[in-house]
Protein chains: 2
Amino acid sequence: MSEQIKPTASELEILNILWSKGEGTVREVHQVLEQNREVGYTTTLKLMQIMLDKQLLTRDDSTSRHVYSANVNQEKIQGQMVKGMIDTMFNGSAKQLVMQALGSHKADKKEIEEIKQYLEQIEKRSRKS
Amino acid sequence: MSEQIKPTASELEILNILWSKGEGTVREVHQVLEQNREVGYTTTLKLMQIMLDKQLLTRDDSTSRHVYSANVNQEKIQGQMVKGMIDTMFNGSAKQLVMQALGSHKADKKEIEEIKQYLEQIEKRSRKS
DNA sequence: TTGTGGTTACGAAATTATTCGTAGGTTTGC
DNA sequence: GCAAACCTACGAATAATTTCGTAACCACAA
């Protein structure tokens, strides 16, 4: 099994921003963070430096405003987090997590249709194999 | 909005055990924890005492082996955790979380059927209102 | 009664995560 | 050139979480 990567809550926020943007400077990331909660600029900077150190990020420091990018795969981390949640809170049942997510969080009609289609794909695939 | 309860990772493990069992002594909880990872008995004890203090648990100390129970609602906490995950990792989209959960974690045919039925219930409900 | 093994209480150390001040380098506009 | 406004580096304080040693208490069998 490959190394388990366990980003902290703050690190996940930053990863998420960089996954969306593709890349960004500390300033840019910081401005997004600030929309949610109060946080000092050097705090964001330090966090990103730590993440660089842990190899969660890479950076281009060829110019004086360093540009950072995520260095871990979004789907992989998401999968790990979801699995952790299923294991520790939903007794290993993906179904329970899905129902909780759909029950408490309103998805619109279009999304529900898409999920249904996705489920049918999965069924078809498993019939074939 | 009511107080946000944010159990730590260890606290969630313990809550999950007590949600399953209904109630349990420190020894019983500890034995389950030990199956997953190495942990000292007094560590478990201390954690549960802290949780009692935070009112995450209640206990019956009428006998010398205190019996603990969860004092927070399972669905409520699960909902909060799922919401947090959707917000910080899935850009607010329950659909994305659901797909990640179903994609990486194999659900069996019966479960998929149940989820589909559940989705149809949701659709029906929303048509009515 | 006494010893053994199991229990709780709790301070405090260890570890991990977060925050920020300060020093010093770079860019920009005038 | 120079000042103002930016930038990075990084030590260190703080906060949050987890771990554990030790003492004291209790049950029970010999």
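Residue numbers begin at 1 in each chain, while the letters A, B, ... track the order of the sequences.
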- Identify the two heavy atoms, one from B/Leu18 and one from B/Ser69, that lie closest to each other, and give their separation to 0.1 Å. CD1-C, 4.2 Å
- Can you name the residues that form a side chain to side chain contact (heavy atoms under 4.5 Å, CB included) with B/Lys6, not counting sequence neighbours? none
- Query: What distance do A/Thr43 atom OG1 and A/Leu33 atom CG have between them, rounded to the nearest 0.5 Å?
  - Reply: 10.0 Å
- B/Gln74 meets the side chain to side chain donor-acceptor pair (under 3.5 Å) criterion, sequence neighbours left out, with none
- Message: Can you list, in residue-number order, the parts of residues 51-63 of chain A that come under 4.0 Å of DNA chain C, counting heavy atoms only?
- Response: none
- Message: For B/Tyr41 and A/Ser10, find the nucleotide of DNA chain C closest to each by heavy atoms; which residue's nucleotide sits nearer the 5' end?
- Response: B/Tyr41
- Item | For A/Ser64, side chain to side chain contact (heavy atoms under 4.5 Å, CB included) partners two or more places apart | none
- Query: How many angstroms lie between atom CH2 of B/Trp19 and atom CD of B/Glu75, to the nearest 0.5 angstrom?
  - Reply: 8.5 Å
- Message: Applying ring-ring contact (aromatic ring centres under 6.0 Å, His included), can you list everything that pairs with A/His30, at least two apart in sequence or on another chain?
- Response: A/Tyr41
- In the 5' to 3' direction, the nucleotides of DNA chain C bounding the stretch that comes under 4.0 Å of a heavy atom in chain A are C/dA17 to C/dT27
- For DNA chain C, find the residues of residues 15-37 of chain B with a heavy-atom distance under 4.0 Å and give them by number; none if there aren't any. B/Val26, B/Arg27
- Query: Base, sugar-phosphate, or nothing for A/Glu11, non-hydrogen atoms under 4.0 angstrom?
  - Reply: nothing
- Atom-to-atom span, CG of B/Leu45 to C1' of D/dT18 - whole angstrom: 14 Å
- side chain to side chain donor-acceptor pair (under 3.5 Å): which pairs involve residues 46-63 of chain A, sequence neighbours left out? A/Glu11-A/Lys54, A/Arg59-A/His66, A/Arg59-A/Tyr68, A/Asp60-A/Ser62
- Task: Supply the atom-to-atom distance B/Met85 CE to A/Met89 CE, rounded to the nearest 0.5 angstrom.
- Result: 11.5 Å
- Task: Taking side chain to side chain contact (heavy atoms under 4.5 Å, CB included) as the test, write out the residues that go with B/Leu97, two or more places apart.
- Result: A/Val82, A/Ala101, B/Val82, B/Ile86, B/Phe90
- Query: Tell me: CZ of A/Arg65 to P of D/dA5, nearest whole Å?
  - Reply: 14 Å
- Message: For B/Glu114, give me all partners under side chain to side chain donor-acceptor pair (under 3.5 Å), at least two apart in sequence or on another chain.
- Response: A/Lys95
- Query: Which pairs pass salt bridge (Lys or Arg N to Asp or Glu O under 4.0 Å) with one or both residues in residues 25-37 of chain B, sequence neighbours excluded?
  - Reply: B/Glu13-B/Arg37
- Message: Across nucleotides 20-30 of chain D, 5' to 3', mark each nucleotide with B, S or - according to how protein heavy atoms within less than 4.0 Å reach it.
- Response: BBB----S---
- Query: Judged by modelled atom types alone, do A/Gln80 and A/Gln4 share a side-chain donor-acceptor pair under 3.5 Å?
  - Reply: yes
